[in-house]
Student: 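One structure, pasted below without further comment.
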Amino acid sequence: MAAEVYRHAIGTFQSHSYANNVNHKQRLRNNFVRLVNNDSVSNNVLSSRGARYSSCSNRRSVIRSSASQTSVADPVSLSPSRTPTTDTNKKSNEAALILIRHGESLWNEKNLFTGCVDVPLSKKGIDEAIEAGKRISSIPVDVIFTSALIRAQMTAMLAMTQHRRKKVPIIIHNESEQARQWSQVFSEDTKKQSIPVIASWQLNERMYGELQGLNKQETADRYGKEQVHEWRRSYDTPPPNGESLEMCAERAVAYFRDQIEPQLLSGKNVMIAAHGNSLRSIIMYLDKLTSQEVISLELSTGIPMLYIFKEGRFIRRGSPIGPQEAGVYAYTKRLALYRQKLDEMF
Ligand SMILES: O=C(O)[C@@H](CO)OP(=O)(O)O
């Protein structure tokens, strides 16, 4: 059984360029062995790289200072410092973080540079989002962050239709006092059965400048494969009048640290539905990748990735392999308990 789960986990990672990295495979293998032998997250997969970056305790103090400034106003469930979540045991001081790149969009299907153009999902993208939802259907979600773009929002909403807890995701409207007032919920019970969805432009796809709307293949034919690859994957070369990954990381990671980490620190389980490049920026931060390493990081559409946030560290658990697989729930005792609770309820 264990070997089977491991094969699945490796299989899931084939579409992720990490899978081409021998070191990563070794880490995944070691991690899996730990997972099977010891239902604990204390062996941190990140620690081997930690020396290159600021220490965890430094990072925590940064996080703490930003936590006090959090401004996520949330009429569905109150801000993290005031209201503990009801789904899970807060004493365990850990939280799940699910990242999901949106399903295929109509412009992905046509092979067009999309960037900040607001294009919906294709039929295949809708199916991918539903499939992603099945994979994470037994992982707790207390708050959802999405970009301001419809393809990420559709993905989050479609995925949540599959969740076993059956809470209703509700988009929070804080753009004006009137919007806030007019979208208030007046039942505590209904609030408890809801998940706030916070949409923000900082999680948007990298702005692709004058490439937006161009065909990727035709652009490569015109400007050369190398040039287009540099625009698409280099860390600090922006496409004409667009954002480099570095520029995208500046706003996406700042948002993650200021608005999302405080939620995790307070024990809330978070899902982020966003984009190839805004998520690459965030993963670079979570996994402490260098600007060289991030070049080869590719994210598939509609594949959820799970991290556990514990004691200020992000522990990558890969991509849940399916709603029925034991391996998905063996990540931590807390997730296993949550699943057990769901089994009893439904
Ligand atoms: O077109 C885009 O916005 C992105 C994501 O689809 O393309 P790329 O693969 O170049 O990052």
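Numbers here are sequence positions counted from 1. Counting starts at 1 for both ligands and their atoms, following the listed order.
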Student: Ring-plane angle category for Phe145 and Tyr255, please: parallel below 30°, perpendicular beyond 60°, tilted otherwise.
Tutor: perpendicular
Student: Can you find an N or O of Thr114 that's nearer than 3.5 Å to an N or O of ligand 1?
Tutor: yes
Student: Using a 4.0 Å cut-off to any heavy atom of Arg101, which atoms of ligand 1 qualify?
Tutor: 5 (C), 6 (O)
Student: Side chain or backbone of Arg280 under 4.0 Å from ligand 1, or both, or neither, by non-hydrogen atoms?
Tutor: neither
Student: Gln212 near ligand 1, heavy-atom distance under 4.0 Å?
Tutor: no
Student: Roughly how far apart are Ile282 CD1 and Leu97 CG, rounded to 0.5 Å?
Tutor: 8.5 Å
Student: What part of His275, side chain, backbone, both or neither, has a heavy atom within less than 4.0 angstrom of ligand 1?
Tutor: neither
Student: Does some side-chain heavy atom of Arg135 sit less than 4.5 Å from a side-chain heavy atom of Ile303?
Tutor: yes
Student: For the residue pair Gln217 and Asp221, confirm or rule out a side-chain donor-acceptor distance under 3.5 Å.
Tutor: yes
Student: Which protein heavy atom lies closest to atom 5 (C) of ligand 1, and at what distance to 0.1 Å?
Tutor: Glu205 OE2, 3.3 Å
Student: Test of understanding: given a 4.0 Å heavy-atom threshold, classify the contact between Arg206 and ligand 1 as side chain, backbone, both, or neither.
Tutor: neither
Student: Under 4.0 Å from a heavy atom of Asn108: give me the atoms of ligand 1 that qualify, with their elements.
Tutor: 6 (O)
Student: Around atom 10 (O) of ligand 1, find the nearest protein heavy atom and jot down its residue, atom name and distance.
Tutor: Tyr208 OH, 2.5 Å
Student: Under a 3.5 Å cutoff, is there a donor and acceptor pairing between the side chains of Glu104 and Ser122?
Tutor: yes
Student: Gly115: heavy atom below 4.0 Å from ligand 1, yes or no?
Tutor: yes
Student: Any idea which part of Trp107 is under 4.0 Å from ligand 1, heavy-atom wise: side chain, backbone, both or neither?
Tutor: neither
Student: Could you tell me whether the side chain of Pro240 reaches within less than 4.5 Å of the side chain of Leu211, counting heavy atoms only?
Tutor: yes
Student: Could you identify the single nearest non-hydrogen protein atom to atom 7 (O) of ligand 1 and state the distance to 0.1 Å?
Tutor: Lys216 NZ, 3.0 Å
Student: Taking only heavy atoms of Arg232 into account, list the atoms of ligand 1 that are under 4.0 Å away from them.
Tutor: 8 (P), 9 (O), 10 (O)
Student: Would you say Leu112 touches ligand 1, if touching means a heavy atom closer than 4.0 Å?
Tutor: yes
Student: Answer yes or no: is there a side-chain heavy-atom contact under 4.5 Å between Ser234 and Leu245?
Tutor: no
Student: Could you go through the side chain to side chain donor-acceptor pair (under 3.5 Å) check for Ser147 and His275 one step at a time?
Tutor: CA-CA 8 Å; Ser147 75; His275 304 264; 2.7 Å; yes
Student: Between atom CG of Asn241 and atom CD of Gln212, what is the distance when rounded to the nearest 0.5 Å?
Tutor: 11.0 Å
